[in-house]
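In what follows, a structure is listed as structure tokens, so that the remarks can point back to it.
Lettering of chains follows the sequences in order, A, B, ..., and the numbering in each one begins at 1.
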Amino acid sequence: MADSIFKRYLEKKNNLIKNRGILQATYVPDVLLHRDYQIEEIVDIVAPSLNKDKPSNIIIIGQTGTGKTAVVNYVGHELERADAENKNCRYIYVNCEVIDTPYSILYNISNQIITDPNKKIPFTGWSLEKIFNELANYIDDENKIFIVVLDEIDMSFKKNGDDIFYYLTTINEMLKNSRVSIIGITNNSTFAEKFLSPRIRSRLGEEKIVFPPYTPEQLIDILKNRAEQAFYPNVLDNSVIPYCAAISAQGSGDARKALDLLRISADIAERNGDSIVTSAHVDYARQKIELDAVVEVIKTLTDQSKIVLMSIIKTPSSNDTGSVTTGEVYTTYVELSKNLGYNPLSQRMVANLISEMDMLGIITARVKSFGRGGRTKEIDVNKVSNDVFSILSSDDIFRGMNLNQKLKKQTTLM
DNA sequence: CGTCCACTGGAATCAAGGGTCT
DNA sequence: AGACCCTTGATTCCAGTGGACG
């Protein structure tokens, strides 16, 4: 048989990593290390549902990568397993980052409950009231305790306010047989206090559980545990795991990040044909992750946002700090978008887009007052890295434009 | 100390586009 | 076909404001 064109990959494939899946962020391990306390707390609260008593609502707070989702799902599935006859409780999980409108949340919950494909709720068209009443009926018919998990509730809240949470927490008043408990998960520690209106806060936050960031030692444990299953023996330099853990612990004790770092380091080592993963690979991986994140964000921006971003880069700075204001950017923007054949948006809209990109972390902006000169957002052009520029300028919508034209600060175009 | 700029930030509003229901 | 419904993206309106200038 002739050599496959993938020969070198086939030969290399199993050098270091035995089981890639275990290193993916989506992989749910069968043991959740260092979360015994939180698991126990949730179990204690949720357990009454096995006897058909309604548990308290819970709000879970903790930064990304602290195991909130994994723990809750674990407990949820164990709960259903304990409820062997499937008589008394039902566990439902909704991720509000993906499913982020009131309609789609209700739609999603309903269709997890409705089994008859002919009765499924259409993905649009109904009024919220109708879908809500229908949902309540189905829930009541089941005659069970429902544990509904709303993951990343702050995402939904930001867009829609807390009306759905109000609906969902008041649903019990419409039910005769069943009961609904809500578990809300958020990574914003001020979310509950700052954003939820009092009527929701008292209902939703009957119990509060905090997931602290992992300490470096805990991260090491977690990584070791996964590494044992994922790698062949002796392919990791001793420094690698502590290094990954240290880097991630610096940030926010994010286990997901630590795992990504480990996996990508190994990928790089493998691709390089190296027989062992070292901390040099980790350094390299860290850079790659950062760059990939930026690329990803820029790729998914809307055309208008890309034009605004380009305008920020192209606007000549009028002061010596190298920063630029909203008004200045807007002038450039109007011209640029006309050149590209787009209808310019209003200034208010552009200001929104700027704030948005600030939150995404690709630009740095802060409101600053220039006294009589007014109050505006000061956008730091220097912090917009060359990476951003080169990624952006290779985008389709700028094809054929001479981008050097007015560019004063940037003399080299990649 | 008060004024007053050039916006910000919030909210209400509109239009278009996806649908269902009768 | 016409009445309604939700979502999204944009527009319009408006009160509010930090701090340099006078």
Exercise. For A:S346, report the nucleic acid contact type (base, sugar-phosphate, nothing); a contact means any heavy atom under 4.0 Å.
Key: base
Quiz prompt | OP1 or OP2 of B:dG9 under 4.0 Å from side-chain N/O of A:K377 | solution = yes
Exercise. Give the rounded distance in Å between these two atoms: CE of A:M349 and P of B:dG10.
Key: 15 Å
Quiz item: Atom CG of A:N343 and atom C1' of B:dA15: how far apart are they, to the nearest Å?
Solution: 15 Å
Quiz item: How long is the line joining NZ of A:K119 and P of B:dT20, in whole Å?
Solution: 18 Å
Quiz item: Does A:W126 have a side-chain nitrogen or oxygen under 4.0 Å from the phosphate oxygens OP1 or OP2 of B:dC21?
Solution: yes
Quiz item: Is it true that A:R81 and A:E78 make a salt bridge, defined as a side-chain N closer than 4.0 Å to a carboxylate O?
Solution: yes
Exercise. Say whether, by atom type as modelled, one donor and one acceptor occur between the side chain of A:N272 and the main chain of A:D274 under 3.5 angstrom.
Key: no
Exercise. For the pair A:K288 and A:D292, find out whether any cationic side-chain nitrogen is under 4.0 Å from an anionic carboxylate oxygen.
Key: yes
Quiz item: Using a cut-off of less than 4.0 Å, is there contact between a side-chain N or O of A:T326 and OP1 or OP2 of B:dT8?
Solution: yes
Quiz item: Is there a donor and acceptor pair, one atom on the side chain of A:T124 and one on the base of B:dG18, closer than 3.5 Å?
Solution: yes
Quiz prompt | Nucleotide C:dT7, atom C1' - distance to CD1 of A:I105 in whole Å | solution = 13 Å
Quiz item: Does a sphere of radius 6.0 Å around NZ in A:K257 hold more than 12 heavy atoms from other residues, nucleotides or ligands, not counting ones at 6.0 Å or beyond?
Solution: no
Exercise. Would you kindly give the CG-to-P distance between A:D100 and C:dC6, to the nearest whole Å?
Key: 16 Å
Self-check item: Cationic N near anionic O, under 4.0 Å, A:R20 to A:D267
Solution: yes
Exercise. Could you tell me the separation between the CG atom of A:N160 and the P atom of C:dG9, rounded to a whole number of Å?
Key: 12 Å
Quiz item: Separation of A:Q347 atom CD from B:dG9 atom P, in whole Å?
Solution: 13 Å
Quiz item: Where along nucleotides 14-22 of chain C does protein come under 4.0 Å, by heavy atom, of base (B) or sugar-phosphate alone (S), with - for untouched nucleotides?
Solution: --BBBBBBS
Quiz item: Quick one: which of B:dT8, C:dT11, C:dC5 gets closest to the side chain of A:T376?
Solution: B:dT8
Practice problem: In whole angstrom, give the distance that lies between atom CG of A:L345 and atom P of C:dT8. | Solution: 18 Å
Quiz prompt | Whether A:R226 side chain and A:I22 backbone form a donor-acceptor pair below 3.5 Å | solution = yes
Practice problem: Kindly state whether the ring of A:H34 and the ring of A:Y214 have centres lying under 6.0 angstrom apart. | Solution: no
